[in-house]
Amino acid sequence: MPQYYDDDDMDTDLQDEVPEFRDEAEFDDYLNDEEYQLMSEMFPRAKKELADYVGWDNLSVKVTIFDHEFNFDEAMIELKRSLKKKKTEAKKQAVSNFQQKSPDDVVLEAQKKAFEDVEKTTKGVENIKISNPKAEDENEQGLDEEEDKPFVSEPTIRTYRKALVPTKPKKPIDLEDHLQHKKPHLSFVVLGHVDAGKSTLMGRLLYDVGAVDNKLIRKLKKESEMIGKSSFHLAWVMDQTSEERNRGVTVDICTSDFKTKDATFTIVDAPGHRDFVPNAIAGVSQVDVAVLSIDCSTDAFESGFNLDGQTKEHTLLARSLGVRHIVVAMNKMDSVDWYEGRFEDIKFELRNFFEDIGIKDDQLSWVPCSGLTGEGVYQKEYPMGQTWYKGPSLVGRLEEVSRELQKYSFEDISNTPFVFSILEVSPGSKANEAVVSGRVESGHIQGGETITVFPSEQSVLVDQILTGNEQTPAPVAIKGDFVSLKLRNAFYDDIQGGDLAAVVGYDIPSAQEFSAQILTFNLDRPLLPGTSFILFRGSCEQPARVKKLVSVVDKSDPTKILKKKVRHLGSKQAAIIEIELVEKKRRVPMLTFGENKHLGRIVLRKEGKTIAAGVVKALEF
Ligand SMILES: Nc1nc2c(ncn2[C@@H]2O[C@H](COP(=O)(O)OP(=O)(O)OP(=O)(O)O)[C@@H](O)[C@H]2O)c(=O)[nH]1
């Protein structure tokens, strides 16, 4: 059984339960339609009113409102009488935190922009006619559920002649021999709270492994000293070395490659908004490993981890999207004099959370380090005072993980069809050329082979494979590699970030509707048929809505149906649902989880919050 369902509880304060009902969902079910409607209106108001109180949970609040026959004021008086007010200290901290721009604000802003950008992103697809201007207007309105009506008409797509017969590589290689001699390759994303030191850590890492030269460092140091923030020069390295990509979709991903004696690496980064959750999703969905930067300085962990839960959300997403290993960089240890107690306390708390969401100990590594001073990052020795940690440095651990994860299976790579996720497309030097960059999702490809790009279904010739920051030609690209493919016979206009490509003979269908197995997160409002949300699949994000709630299933055994005829879904329920994409200007190529473990994963977000994660079960049921 897939292991992606979990029993997480993001809000530790909200755990007490009233005995008559096992959970909130059971209570919601008990209400009749009229009561349910009233509760949906009152409950969000009640939550707002109780924001300064501790010790309540969703169920007890709902039951109290119910017991008071929906007399809101009376219910509030009773609840407040029985609850404790938050301590002033905690409140002060929360106030100062919320004075900053919250990640959700950033998300909402960006999602609004995403909708405004819909036209821009589809520009260049001149062959698609939009024959419902009303729907276009509606779509620009943004996130309002009412506005997310599907377009009535189907798009008209230019048709291409799809190749049916594969072409042979120009210079065939001995794949088995190649795999035996190839250094393992690992792609990873860096996650963590705002100011957790992610950029500084990656800058230090790239500098220490020799991926950036002294000249650049000197230049950045001078620039950062000029603004009185000399420590920032390391944080700027990542932006300078990343190959910035303007992919015409709503999130940007850039990659930085580096190599050591034992392995090659790709850092997948989302510049501009490193703490912007949709970017984190896009980044996480491209990688096997996440480096989670934790700020170990005094009090920082407590505010970052417990208050706004961003570290928690990132981690939960990493797990939902199938990340196989998390290296926890216990960062800024220099600021607490490498005190072992601090390391252990934070590790203890984090470990409990990881356990709760189903991440096992052998999927985790813990490395004390300092991005600023460099100890624990690559080869710089720990200071004298640090005698308690004997393990590898951050890079050393990443090398080990790359070996553990990338035990190449010749059969797997040679027998599975080549599938490629396109992140960016740019025109080539000639009229019928295009260069697509992205990740090999399965199989392998060589120059001279023909592939088909979906959804346009144009068959194109792979002229050259280019890899690394320098874009040097390579004889082959295999599963997990980040490469650029120089294509011939391509209509550049009709390829976009989010498209998929596959070897001739392997068709990738486009779906407007599909069924999915999901697990809901903590919900403010129940998920109903018609609820609109943003669907994330890899780097692709699309407005979508719930078409039908099919069944509630057992979390630990999703084949076990607990309930049919579902009217709504509450928090932390596992369910089978039907999803409909409402943006019909361009079709979306989809693969099920059974066909591809990476591309078959989805995340559902609404109003800046992740509401569910899951897998695609079947297309066009
Ligand atoms: N003492 C100490 N300070 C650090 C370390 N790493 C980063 N900092 C400081 O922490 C602050 C944030 O560092 P960044 O690298 O910008 O953090 P970030 O997570 O990339 O920040 P955002 O991109 O804003 O999310 C800066 O003032 C850094 O100088 C470290 O290892 N030790």
Side-chain angles (χ1 to χ4, degrees), residues 97 99-107 110 188-208 212 217 220-221 223-225 227-242 244 251-254 256 267-280 283-284 290-301 303-305 307-315 327-339 342-343 346 366-378 380-383 385-386 389 393-395:
N97 270 279
Q99 272 161 354
Q100 296 164 22
K101 202 173 190 179
S102 83
D104 280 351
D105 290 341
V106 181
V107 170
F188 65 90
V189 69
V190 187
L191 301 175
H193 193 258
V194 179
D195 276 353
K198 303 176 289 292
S199 313
T200 307
L201 185 64
M202 285 307 107
R204 163 68 61 184
L205 187 156
L206 288 167
Y207 178 56
D208 285 0
V212 284
I217 291 290
L220 296 178
K221 212 166 184 167
E223 286 170 11
S224 58
E225 273 161 8
I227 61 157
K229 305 223 165 182
S230 67
S231 71
F232 275 30
H233 70 284
L234 286 168
W236 291 347
V237 169
M238 191 68 192
D239 298 330
Q240 298 280 322
T241 54
S242 303
E244 210 155 317
V251 289
D252 283 347
I253 292 185
C254 49
S256 253
I267 309 176
V268 177
D269 188 35
H273 310 279
R274 288 204 178 87
D275 304 293
F276 170 41
V277 173
N279 277 34
V284 169
V291 169
L292 177 65
S293 178
I294 297 291
D295 184 345
C296 295
S297 56
T298 314
D299 290 341
F301 172 73
S303 61
F305 195 71
L307 264 182
D308 74 12
Q310 194 185 338
T311 309
K312 283 184 174 181
E313 180 164 18
H314 278 184
T315 317
V327 181
V328 187
M330 302 286 269
N331 203 5
K332 305 198 191 180
M333 281 299 290
D334 60 293
S335 67
V336 289
D337 284 336
W338 302 89
Y339 174 51
R342 181 73 180 147
F343 177 93
I346 295 179
W366 308 86
V367 182
C369 59
S370 164
L372 194 65
T373 51
E375 296 92 350
V377 178
Y378 185 42
K380 189 170 175 185
E381 301 272 318
Y382 285 107
Q386 195 291 100
Y389 176 77
S393 66
L394 178 61
V395 176

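In each ligand, atom 1 is the first atom listed, and ligand 1 is the first ligand listed. For clarity, every value in this text was computed on a predicted model and none was experimentally measured.
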With heavy-atom distances below 4.0 Å as the criterion, list the atoms of ligand 1 near [X].
| X | value |
| --- | --- |
| Ser370 | 30 (C), 31 (O), 32 (N) |
| Asn331 | 31 (O) |
| Ala196 | 19 (O) |

(message) Quick check against the 3.5 Å criterion: does Asn331 have a side-chain atom that pairs as donor or acceptor with the backbone of Cys296?
(response)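 Checking the backbone N and O of Cys296 against the side chain of Asn331, no donor-acceptor pair under 3.5 Å is found.
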(message) Quick check: Thr373 and ligand 1, any N/O pair under 3.5 Å apart?
(response)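 No, since none of the N or O atoms of Thr373 sits under 3.5 Å from an N or O of ligand 1.
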(request) Before signing off on this row, confirm whether Ser199 and ligand 1 have an N or O atom pair separated by under 3.5 Å. (result)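 Such a contact does occur with ligand 1.
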(request) Using the test ring-ring contact (aromatic ring centres under 6.0 Å, His included), find all partners of Phe343 that sit at least two apart in sequence or belong to another chain. (result)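 Residues passing ring-ring contact (aromatic ring centres under 6.0 Å, His included) with Phe343: Trp388.
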(message) According to ring-ring contact (aromatic ring centres under 6.0 Å, His included), who are the partners of Tyr339, at least two apart in sequence or on a separate chain?
(response)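 Expected list: none.
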(request) Only heavy atoms count here, so choose which of Thr200, Asp334, Val190 is nearest to atom 7 (C) of ligand 1. (result)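 Looking at heavy atoms only, Thr200 sits closest to atom 7 (C) of ligand 1.
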(request) Give a yes/no on ligand 1: does Gly371 have at least one heavy atom closer than 4.0 angstrom to it? (result)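 Judged by the 4.0 Å heavy-atom criterion, Gly371 does count as contacting ligand 1.
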(request) Record the part of Leu201 in heavy-atom contact with ligand 1 below 4.0 Å; permitted values are side chain, backbone, both and neither. (result)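 Under 4.0 Å from ligand 1, Leu201 contributes no heavy atoms.
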(request) Can you spot which of Asp299, Asp337, Asp295 makes a salt bridge (charged side-chain N to carboxylate O under 4.0 Å, His left out) with Lys332? (result)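 Output: one option passes, namely Asp295.
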(request) Any chance you could measure Ser393, atom OG, to Glu381, atom CD, to the nearest 0.5 Å? (result)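 Interatomic distance, Ser393 OG to Glu381 CD, rounded to 0.5 Å: 10.5 Å.
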(request) Report the distance from atom SG of Cys369 to atom OH of Tyr378, rounding to the nearest 0.5 Å. (result)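 So the gap between those two atoms works out to 15.5 Å.
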